[in-house]
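Protein chains get the first letters and strands the later ones, always in sequence-line order, with residue 1 at the start of each.
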Amino acid sequence: MGEIRELSDINLEVSLGPIRLKNPVMLASGTCGYGRELTPHLDLNSIGAVVVKGISLEPRPGNPPPRIFETPCGLLNAIGLENVGVKAFLTEKLPWLKDQGISTVVNILGNSVEEYKRLCSILSEESQSILAIEINVSCPNVKAGGVAFGRTPEGTYEVVRHVVEVTEIPIIVKLSPNVTDITSIAQAAQDAGAHAISLINTILAMAIDIEKKRPLLGNTFGGLSGPAIKPIALRMVWEAHRAVDIPVIGIGGISTWKDAVEFLMAGASAIQIGTATLVEPGSAKKILDGLTRFMRQKGYREVEALWID
Amino acid sequence: MGEIRELSDINLEVSLGPIRLKNPVMLASGTCGYGRELTPHLDLNSIGAVVVKGISLEPRPGNPPPRIFETPCGLLNAIGLENVGVKAFLTEKLPWLKDQGISTVVNILGNSVEEYKRLCSILSEESQSILAIEINVSCPNVKAGGVAFGRTPEGTYEVVRHVVEVTEIPIIVKLSPNVTDITSIAQAAQDAGAHAISLINTILAMAIDIEKKRPLLGNTFGGLSGPAIKPIALRMVWEAHRAVDIPVIGIGGISTWKDAVEFLMAGASAIQIGTATLVEPGSAKKILDGLTRFMRQKGYREVEALWID
Amino acid sequence: MVLVDRKCKIIHHSQVGPEVYVLGIDAVDVAKHALPGQFVMIGVRGKSAFDPLLRRPFSIAWTDHVKGMIFIFYRVVGRGTRLLSEYMPGTGLELLGPLGRGFSLEVSGRRILVGGGLGIAPIIFLYKWIKASGASATCILGARTGDELLGALKASDISLEDVIITTEDGSLGKKGLVTGPLAKCLDHIGGDATIQACGPAPMLKAVSNLSNHKVRLLEVSLESYMACGIGLCLGCAHKKRGDSEEYVHICKDGPVFDARDVVL
Amino acid sequence: MVLVDRKCKIIHHSQVGPEVYVLGIDAVDVAKHALPGQFVMIGVRGKSAFDPLLRRPFSIAWTDHVKGMIFIFYRVVGRGTRLLSEYMPGTGLELLGPLGRGFSLEVSGRRILVGGGLGIAPIIFLYKWIKASGASATCILGARTGDELLGALKASDISLEDVIITTEDGSLGKKGLVTGPLAKCLDHIGGDATIQACGPAPMLKAVSNLSNHKVRLLEVSLESYMACGIGLCLGCAHKKRGDSEEYVHICKDGPVFDARDVVL
Ligand SMILES: Cc1cc2nc3c(=O)[nH]c(=O)nc-3n(C[C@H](O)[C@H](O)[C@H](O)COP(=O)(O)OP(=O)(O)OC[C@H]3O[C@@H](n4cnc5c(N)ncnc54)[C@H](O)[C@@H]3O)c2cc1C
Ligand SMILES: Cc1cc2nc3c(=O)[nH]c(=O)nc-3n(C[C@H](O)[C@H](O)[C@H](O)COP(=O)(O)OP(=O)(O)OC[C@H]3O[C@@H](n4cnc5c(N)ncnc54)[C@H](O)[C@@H]3O)c2cc1C
Ligand SMILES: Cc1cc2nc3c(=O)[nH]c(=O)nc-3n(C[C@H](O)[C@H](O)[C@H](O)COP(=O)(O)O)c2cc1C
Ligand SMILES: Cc1cc2nc3c(=O)[nH]c(=O)nc-3n(C[C@H](O)[C@H](O)[C@H](O)COP(=O)(O)O)c2cc1C
Ligand code: FES
Ligand code: FES
């Protein structure tokens, strides 16, 4: 363990089913804009992939402010999925990502199965420039009275089964952590034909403004992210990896390369950096460098060699 | 809001159904031992109640170490419910609490409904010295293949319905946060006859020792507590309060009087201090003092006046 | 565009008023490129701690090109600013900046600057910039008490004679709010004036009400909670003026806005 | 029993070796009542930060009754100790102590003290205590390099001549581990000796193996992660010797144990 045997031939490439990444470090949706905003700070070609801000069929204005609030070691957000809509994404955002040759994953959200399907069909026209679609199933399911698809295995299965039928682009299903049993949700995603799962999305939380005697966020509830949630996310990744055969992408509070190693050891094949990028825009590169150094020093030749059996 | 109108006649007493507390600040189970250990640091008669470490029928040795680990703004623990067993509790621990006149809530745990029932029957012999029994339903349900009672409404209902039948002592049900929908669990507790609910217990989590390439805790999984989980706990208290009519006791990451006010505004009638006591044994008093000052300054005459409607 | 994200050393740190501090940071490239109204995000947590998680936004109060330093004024209001106040000169702070779109620098006609509370910071930068370019402006600065202003003005080398001062308790300058002198100014000018203002929301609203239709342009610098400061999180939304539910993002589209574009 | 929980000022703070520091804290009542082998829990986080959450346990390395101070040695190994190393004299630290059950003070027969790594801290306290009481003991202190020991011994005013020193690299004293001189000692003594030891787990195990049946009493000071340090959380469990699955709690039942009672 303690020994140091520098390796020059380590292989950082990972395959998430049909999705190939040059290395396992990705940027999480909603924390890297549409990529371009980050360019002064990070060479987007140096990392595995960029997952752009969640896209819906129509543009969305998002929630009234305040939208964010700091909690102990955490960030509470209720952005409300503000986004430019799929049309503007394809005409204004994707071309730049394509030109730069950046591996792009498109995160999508909808209020009905129909919306998810239509989004996937539309995105399929650009299947050459899109590495994968990440399905955010934490959104309210209008038909099921506002309960998110991702909070039941049935809801998850329903969305995923339909989208895989309408597109050739590989599908990553992003799981909600606000569930009793993450393994049954992960299995539902797998059964429905997902190529990979990513977890966790933010944890439902809130804060109260005691001076004003009212919820602090404009939306009352928000999603908690950042170092605070890392131990919870890690547990879910560990459980999910042991419940399915498809690759798992670990997300949640990853701020240092050590955190990244923990998620990969728990069974993730890749990881996503979210809040850490907001705090320090160059985080992903530092994490990748640290991970590479660690693998060299410890003699891990490839990413999945880190898995604890 | 800003105005200051010092009140001398505020009433800190709260009634949780049949349970009367001189003030809303309680000490959470597992973080204050059996009370006595805290006496150099805290006058236990100055606070609402002490909830002693979870008691089982037989003594339990607890989990192999490491049992605790620090995470960002959080504490991960897998004590494994080490305790002296109900017999020793009644002969060695309770008499002291009784002598001192300390309001004592007994937290109990079992692997079957039968165990919970027997515990309650045994404790009923000392019903004079026990203010309430707090049922920890986060323990593995042996019959249901190890899934905790508290992770389903049915499991929760089942335990509670039986215990309320065998004892006159008021029952508080302590809810597990590891569920999709806290409201349905809260309702199940209410329907089964609970006098109050307390939440949240710790959140299932883990950490990995990357040098040793194995889970850090002896038990693999542990429970996360401390400031990190406060925004999650607050959200669940808010939801639960709006779902039931019985009183709610707020728990989770409360470290300052401001945190306490947040929970009371969310709809809690009382609060429990857990990890904060471990970090600073006198925390509960500081929190009580800060809360009292705030209520005076802002003109809140009683605890439930803090509720946001 | 120069945009720095690195650890920068505290060179100067002193208290200039009740709970108000001036901080001088070694950041030659930021000093060189920063424009009045721009801000920086500063990391306040200890080296190996994760809390407080987010960096804090502060306006640049002035720059010193010779020494390669930027200066900020801040008031201790919460956890982050309290921690900040404890750092000694020599300590390195994570600094990201300069950020955002500042005040219009070239304006025609008469120019009135209004700063209230810690909102004086970007106004001081703007005032110094205008003076350095040989132009002139009326500068109105307000605070609750004289204590809060005196030290700040001294630190930033602004003479009490050059500016109009108001304090709520009357301990320095005129007693009252900045809107008093502003109203007088507005009575004496034509429509070709510009007001550039920074301060608490009620002040900006009052300034806007006063100046309505009387000036060509009112620019206001806004605040909001920020996570990233660079347009990644969309957290710093502020409602656009108008009926539709649309938002600007203060860190990227601002912090300085034409008052006609945003709800005040 | 005196038990302090309050903010105490750093009076002295200096580096005495590679990543090793000595910290002197103003705590007159702790200084007065602390016994060798006892420890304190020290808060390392900034005033208004929640991270790192837990206090850190450190052995008391010696006390100064005249100045009313306690001293600890620590090595920077992680987040908490790194933060600690940055605090200046004058800073207040949350201090809880003295805690735990220390070494037996009255023992008959020959007495050998063994300290390795930062485990020298309580051994130094014990050694000073014994000397002050007019008794004597053989004191064996080991480290990886001389650097690590020299500064610590100097700071604690222990003469190199009085103790037996081993270093793994041979840069000070005898080359090798503490078990070398200990084995020699044990060859020359009868069965009525006592060994009191503190150091890394492998050292304690080696000491235990060596001394098996050769001494009347072996006392070892153990470490574990701790949340509270005062018996509230049951987090600091350590396996008892024997077949049954039972645990001691290091903070309350220890940190010093009869080696026969615990698994090493
Ligand atoms: C563009 C801009 C420029 C600013 N310039 C200055 C300046 O020059 N001098 C100065 O003293 N203050 C300035 N502020 C306000 C300053 O950012 C806050 O006072 C500071 O973040 C408070 O941090 P805290 O940890 O002490 O407070 P806490 O209340 O503990 O902070 C909790 C969270 O709320 C945020 N927050 C709290 N108050 C504000 C606020 N008024 N605006 C934005 N975020 C806030 C914090 O950044 C943090 O994320 C500016 C804010 C913005 C947006
Ligand atoms: C009774 C006792 C006495 C001690 N005396 C000394 C001493 O005199 N000098 C000294 O340098 N160290 C001593 N230690 C070890 C010291 O507590 C740890 O080195 C320190 O807690 C590490 O903190 P960190 O934040 O730098 O490390 P991190 O690894 O970042 O800490 C993470 C968590 O693990 C805990 N931890 C890490 N290592 C240890 C350890 N070895 N023992 C207990 N907890 C640990 C920390 O307290 C913290 O909760 C003693 C430990 C105990 C239990
Ligand atoms: C400001 C913000 C916006 C986010 N927006 C999205 C989104 O649009 N779609 C999505 O699937 N996840 C979104 N997330 C969740 C993150 O992608 C990530 O799953 C979560 O923050 C946990 O990771 P972290 O702790 O590293 O941030 C957002 C998170 C934050 C903080
Ligand atoms: C070390 C430790 C031991 C605990 N033991 C118990 C227990 O025996 N029974 C129980 O119901 N909850 C137990 N808990 C949970 C706490 O009572 C509390 O619900 C939880 O820690 C959240 O509150 P906090 O963040 O204030 O600590 C324990 C928590 C900790 C940290
Ligand atoms: S603060 Fe993140 S977008 Fe403005
Ligand atoms: S550290 Fe809490 S019981 Fe020992």
Side-chain angles (χ1 to χ4, degrees), chain A residues 1-2 69 71-76 147-148 151-152 176 178-181 185 203-216 220-224 226-239 253 255 257-266 294 298 300 306-308, chain B residues 1-2 69 71-76 147-148 151-152 176 178-181 185 203-216 220-224 226-239 253 255 257-266 294 298 300 306-308:
Chain A
M1 287 296 154
F69 190 66
T71 67
C73 290
L75 172 65
L76 193 55
V147 172
R151 289 177 87 171
T152 60
S176 162
N178 304 300
V179 300
T180 306
D181 178 17
I185 313 272
I203 304 182
L204 215 54
M206 77 181 291
I208 286 175
D209 184 329
I210 63 169
E211 292 296 327
K212 299 194 177 140
K213 201 185 179 190
R214 68 171 189 226
L216 203 137
T220 302
F221 301 122
L224 187 66
I229 68 168
K230 194 198 75 177
I232 303 169
L234 188 67
R235 182 264 297 180
M236 290 193 167
V237 166
W238 173 281
E239 289 180 334
S255 309
W257 64 264
K258 290 181 187 172
D259 297 332
V261 172
E262 281 192 83
F263 277 85
L264 295 169
M265 286 189 170
F294 176 81
K298 301 289 180 180
Y300 293 106
L306 289 162
W307 287 0
I308 297 171
Chain B
M1 289 290 153
F69 190 66
T71 67
C73 290
L75 171 65
L76 194 56
V147 173
R151 289 175 86 171
T152 60
S176 161
N178 305 298
V179 300
T180 305
D181 177 18
I185 313 273
I203 304 182
L204 215 54
M206 76 181 292
I208 286 175
D209 184 331
I210 63 169
E211 292 296 326
K212 300 194 176 140
K213 200 186 181 192
R214 67 171 188 225
L216 202 137
T220 302
F221 301 123
L224 187 65
I229 68 167
K230 194 198 75 177
I232 304 170
L234 189 67
R235 182 263 298 180
M236 290 192 167
V237 166
W238 174 282
E239 289 181 332
S255 309
W257 65 263
K258 290 182 187 171
D259 298 333
V261 172
E262 282 192 82
F263 277 86
L264 296 170
M265 286 189 171
F294 176 82
K298 302 287 179 182
Y300 293 105
L306 290 161
W307 288 359
I308 297 171

Among Phe263(A), Trp307(A), Trp238(A), Phe221(A), the residue with the most heavy-atom pairs under 4.5 Å to chain B is Trp238(A)
So, the part of Phe294(A) with a heavy atom under 4.5 Å from chain B: the answer is side chain
Interatomic distance, CG@Asp209(A) vs NZ@Lys258(B), rounded to 0.5 Å, equals 10.5 Å
Honestly, the part of Thr152(A) sitting under 4.5 Å from a heavy atom of chain B is neither
So, the part of Leu306(B) with a heavy atom under 4.5 Å from chain A: the answer is backbone
Heaviest contributor of heavy-atom pairs below 4.5 Å to chain A, chosen from Gly226(B), Gly74(B), Ala207(B), is Ala207(B)
Steps toward side-chain contact (heavy atoms from CB on, under 4.5 Å) verdict (Ile232(B), Ile232(A))
CA-CA 12 Å; Ile232(B) 304 170; Ile232(A) 303 169; 4.2 Å; yes
Residue pair Met206(A) / Glu262(B), side-chain heavy-atom distance below 4.5 Å:
no
If you tally heavy-atom pairs under 4.5 Å between each of Gly253(B), Ser176(B), Pro215(B), Ala233(B) and chain A, the highest tally belongs to Pro215(B)
Separation between OG1 (Thr71(A)) and CG (Leu234(B)), nearest 0.5 Å, reads 11.0 Å
Does any part of the side chain of Ile210(A), heavy atoms only, come nearer than 4.5 Å to the side chain of Met265(B), both counted from C-beta? yes
Looking at side-chain heavy atoms only, is the closest gap between Pro231(B) and Phe69(A) below 4.5 Å? no
*Sub-4.5 Å side-chain heavy-atom contact between Arg235(B) and Leu76(A)*: no
When the 4.5 angstrom heavy-atom criterion is applied to Leu224(A) and chain B, the contacting part is side chain
